[in-house]
Amino acid sequence: EDQVTQSPEALRLQEGESSSLNCSYTVSGLRGLFWYRQDPGKGPEFLFTLYSAGEEKEKERLKATLTKKESFLHITAPKPEDSATYLCAVQAGDNQGGKLIFGQGTELSVKP
Amino acid sequence: GAVVSQHPSWVICKSGTSVKIECRSLDFQATTMFWYRQFPKQSLMLMATSNEGSKATYEQGVEKDKFLINHASLTLSTLTVTSAHPEDSSFYICSARGMGGSVSQETQYFGPGTRLLVL
């Protein structure tokens with residue numbers, strides 16, 4: 001069964017304290033792995049798409065990496081405005097409909 | 001690019017009434033749209049997938065007659081909650097994927113969500 005597990009469930013950081021969020025997945029042929037950011041009361045905001053092991057993408061303080069079993073979202077020198085829930089989702093290779101399987105999310109809190 | 005809007009952003013209705021939520025892709029053609037439901041502190045739960053001009057495909061356990069989905073054009077999908085009851089109160093989010101503008105065809109772009117409260 002296709003599955004996505006994110007850890008930790010919640011993460012509290014001091015401003016400037018770098019860390020990583022984990023997304024482990026089991027899927028029948030990965031078509032794509034997606035990272036989203038969701039602020040309270042809003043829809044998810046697209047961050048990155050990763051397609052194959054070894055791929056990396058960066059955006060400001062965020063960097064996403066991918067292996068055959070997991071993805072990491074590295075946050076360098078975070079600021080309070082990075083506080084949000086970060087969602088990881090995968091699309092299986094045999095899924096032509098584009099359906100995503102979501103993890104439960106990591107709630108990040110960055111204190112000044 | 002890749003802007004998806006939803007209307008209304010919040011709605012309060014009486015039990016037994018129907019509520020329609022609109023989802024629009026503003027700067028690209030949405031060949032596929034998805035409707036999700038999200039409970040507090042939980043992840044997104046897919047309700048249905050709709051392709052333009054076709055009937056929606058509902059996930060197991062989602063009542064087709066209660067949650068009517070229409071995807072009549074490449075920029076608009078609607079979700080109608082029929083005979084709403086308090087247990088239908090939730091945060092409803094749509095997403096779209098497609099082509100045009102600066103979008104990636106594989107990526108789902110989400111709307112801002114609609115909060116429904118049924119009294």
Side-chain angles (χ1 to χ4, degrees), chain A residues 1-10 21 23-25 27 29-52 55 57 59 64 66 84-109, chain B residues 1-7 9-10 21 23-25 28 30-52 54-60 90-99 102-117:
Chain A
E1 182 184 348
D2 298 335
Q3 195 170 2
V4 178
T5 304
Q6 290 187 246
S7 62
E9 289 185 11
L21 312 182
C23 171
S24 297
Y25 64 91
V27 67
L30 182 68
R31 192 175 178 92
L33 184 142
F34 304 82
W35 282 99
Y36 292 89
R37 167 193 171 129
Q38 186 176 25
D39 292 297
K42 297 187 178 181
E45 174 190 345
F46 170 68
L47 294 174
F48 304 109
T49 307
L50 301 168
Y51 294 104
S52 57
E55 191 175 358
K57 288 193 177 174
K59 179 181 179 182
L66 181 65
T85 294
Y86 290 85
L87 298 170
C88 170
V90 299
Q91 182 183 345
D94 58 355
N95 181 352
Q96 298 301 317
K99 199 161 68 171
L100 294 179
I101 302 162
F102 278 90
Q104 289 300 307
T106 293
E107 187 176 355
L108 174 66
S109 175
Chain B
V3 179
V4 177
S5 70
Q6 273 184 250
H7 178 79
S9 56
W10 60 270
I21 302 170
C23 177
R24 294 180 185 272
S25 57
F28 66 101
T31 51
T32 308
M33 284 185 165
F34 304 82
W35 286 95
Y36 294 83
R37 186 171 178 177
Q38 187 175 37
F39 292 102
K41 298 292 186 181
Q42 293 189 23
S43 193
L44 286 75
M45 182 186 79
L46 180 65
M47 298 174 66
T49 302
S50 73
N51 293 295
E52 185 264 336
S54 304
K55 287 185 178 180
T57 302
Y58 290 81
E59 294 299 300
Q60 193 172 8
S90 191
F91 191 50
Y92 293 88
I93 313 173
C94 72
S95 71
R97 67 176 222 162
M99 60 184 70
S102 59
V103 302
S104 163
Q105 291 187 32
E106 298 289 341
T107 300
Q108 287 187 31
Y109 300 92
F110 286 83
T114 296
R115 188 159 303 281
L116 170 64
L117 177 60

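Throughout, a chain's letter reflects where its sequence line sits, starting with A, and its residues are numbered from 1.
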Please rank B:Asn51, B:Leu44, B:Val4, B:Thr57 by heavy-atom pairs under 4.5 Å with chain A and give me the top one. B:Leu44
Using a cut-off of under 4.5 Å on heavy-atom pairs, state which of B:Gln6, B:Glu59, B:Met45 scores highest against chain A. B:Glu59
With a 4.5 angstrom heavy-atom cut-off, could you sort out which part of B:Ser9 is near chain A: side chain, backbone, both or neither? neither
Would you mind checking which part of B:Thr107 comes under 4.5 Å of any heavy atom in chain A, side chain (CB onward), backbone (N, CA, C, O), both or neither? both
Quick one: which residue pairs count as a salt bridge (Lys or Arg N to Asp or Glu O under 4.0 Å) with a foot in residues 36-46 of chain A, not counting sequence neighbours? A:Arg37-A:Asp39
Output the option from A:Gly41, A:Ala89, A:Gly105 having the highest count of non-hydrogen pairs under 4.5 Å with chain B. A:Gly41
Scored by heavy-atom pairs under 4.5 Å with chain B, the best of A:Pro44, A:Gly32, A:Pro40 is A:Pro44
Under the side chain to side chain contact (heavy atoms under 4.5 Å, CB included) test, residues paired with B:Val103 that sit two or more places apart: B:Ala2, B:Phe28, B:Tyr109
Side-chain heavy atoms of A:Leu33 within contact of A:Tyr25, under 4.5 Å: yes
Indicate, with yes or no, if the rings of B:Phe110 and A:Tyr36 have centres closer together than 6.0 Å. yes
Which bit of A:Gln38 is near chain B, if near means a heavy-atom gap under 4.5 Å: side chain, backbone, both or neither? side chain
CD (A:Glu107) with more than 12 external heavy atoms under 6.0 Å: no
Verdict with supporting geometry, B:Tyr36 and B:Tyr92, ring pair (Phe, Tyr, Trp, His ring centres under 6.0 Å): CA-CA 6 Å; B:Tyr36 294 83; B:Tyr92 293 88; over 10 Å; no
